[in-house]
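Report on the structure given below.
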Amino acid sequence: MSMSDKPLISADEIERRVAGLAREIGADFTGDAELVLVVVLKGALIFAADLMRALDLPVSVEFIQAESYTGKGSTGDVNLLHLPKARLAGKDVLLVEDILDTGRTASELLSWLNSQEPARLLLVTLLDKPAKRIAPISPDYAGFEIPDCFVVGYGLDHDQKHRQLPDIWAL
Ligand code: XMP
Ligand code: MG
């Protein structure tokens, strides 16, 4: 697979948009309550690192990891591999995703998080790819809406490669 000759989204555009998302989130979470960022491994790693530094709020960080079966004979099942150990009951929780495609992964993660009875539960995704959405969810905050193409960089991988690229590229 080859890459486009210029990035789909440049590092500069990402930086500006992440600052904008942090302002949107900051306006919705005022007061002293700590916001728990639940970061979806591995793809949201870099987005979350930038977002948390742009947020002017007290935050703590937890991680969650899921694996979806999208191969042959796919059922779309999502397997939860790692769950936060901290108690989320009564907390303000923000699920931090890299990309929303069919929405199945985020939907499973949100339903597990809901079962922990947080005070509030919201979803931020850097990228929103609505073309193949199956699960009836939409993000509370989205960085960029993108067309139905496979993207890498800024945390997103193809076979675990290209996560370290500063820009986002279409393959
Ligand atoms: P669903 O379909 O459950 O998928 O919303 C979300 C997960 O699928 C992966 N995904 C991608 N990963 N480039 C990637 O590197 C892409 O264009 C892409 N589209 C979907 C990703 O792991 C995400 O969490
Ligand atoms: Mg991935």
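Start at 1 and go down the list; that is how both ligands and their atoms are numbered. Quick note: numbers below take in every heavy atom, side chains included, and nothing from hydrogens, waters or symmetry partners. In this chain, residues are counted from 1 in sequence order.
Heavy-atom contacts of Cys149 reach the following atoms of ligand 1: 17 (O) (cutoff under 4.0 Å). Close approach to Thr105 involves these atoms of ligand 1, each under 4.0 Å from a residue heavy atom: 1 (P), 3 (O), 4 (O), 6 (C). Counting atoms of ligand 1 from 1 in the listed order, those under 4.0 Å from a heavy atom of Glu97 are 24 (O). Near Arg104, meaning under 4.0 Å from any of its heavy atoms, are these atoms of ligand 1: 3 (O), 5 (O). Each of the following atoms of ligand 1 lies closer than 4.0 Å to a heavy atom of Asp157: 14 (C), 15 (O). Close approach of ligand 1 to Asp98 is summarised as follows: ligand atoms under 4.0 Å from at least one heavy atom of the residue are 23 (C), 24 (O). Contact atoms of ligand 1 toward Thr102: 1 (P), 2 (O), 3 (O), 5 (O) (distance under 4.0 Å to a heavy atom of the residue). Heavy-atom proximity to Gly103, at under 4.0 Å, picks out these atoms of ligand 1: 1 (P), 2 (O), 5 (O).
The distance criterion of under 3.5 Å between nitrogen or oxygen atoms is not met by Val152 with respect to ligand 1. Geometrically, ligand 1 and Lys129 share a nitrogen or oxygen pair separated by less than 3.5 Å.
One distance of note links OG1 of Thr125 with CG of Asp101; it measures 10.0 Å at 0.5 Å rounding.
For the pairing with Leu127, the side-chain contact (heavy atoms from CB on, under 4.5 Å) check across Leu8, Leu100, Val151 returns one residue only, Val151.
In this structure, of Leu100, Ile146, Ile99, the residue bringing a heavy atom nearest to atom 21 (C) of ligand 1 is Ile99.
By the salt bridge (charged side-chain N to carboxylate O under 4.0 Å, His left out) test, Lys85 pairs with no residue at all, sequence neighbours left out. Judged as a side-chain hydrogen bond (donor to acceptor under 3.5 Å, both in side chains), and not counting sequence neighbours, the contacts of Asp50 are Arg53, Tyr154.
Annotation for Asp56: atom CG does not count as buried by contact number, only 12 or fewer foreign heavy atoms lying within 6.0 Å. The environment of CD in Glu15 is sparse: at most 12 heavy-atom neighbours from other residues, nucleotides or ligands sit within 6.0 Å.
What you find for Leu123 and Asp140 is that their closest heavy atoms are N-OD2, 2.8 Å.
Within the structure, the closest approach of Ser68 to ligand 1 does not fall below 4.0 Å when heavy atoms are considered.
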Practice task
Verify side-chain hydrogen bond (donor to acceptor under 3.5 Å, both in side chains) between Gln160 and Lys42, making sure each step is shown before the conclusion.
Solution key: CA-CA 9 Å; Gln160 302 302 323; Lys42 302 172 187 171; 3.1 Å; yes

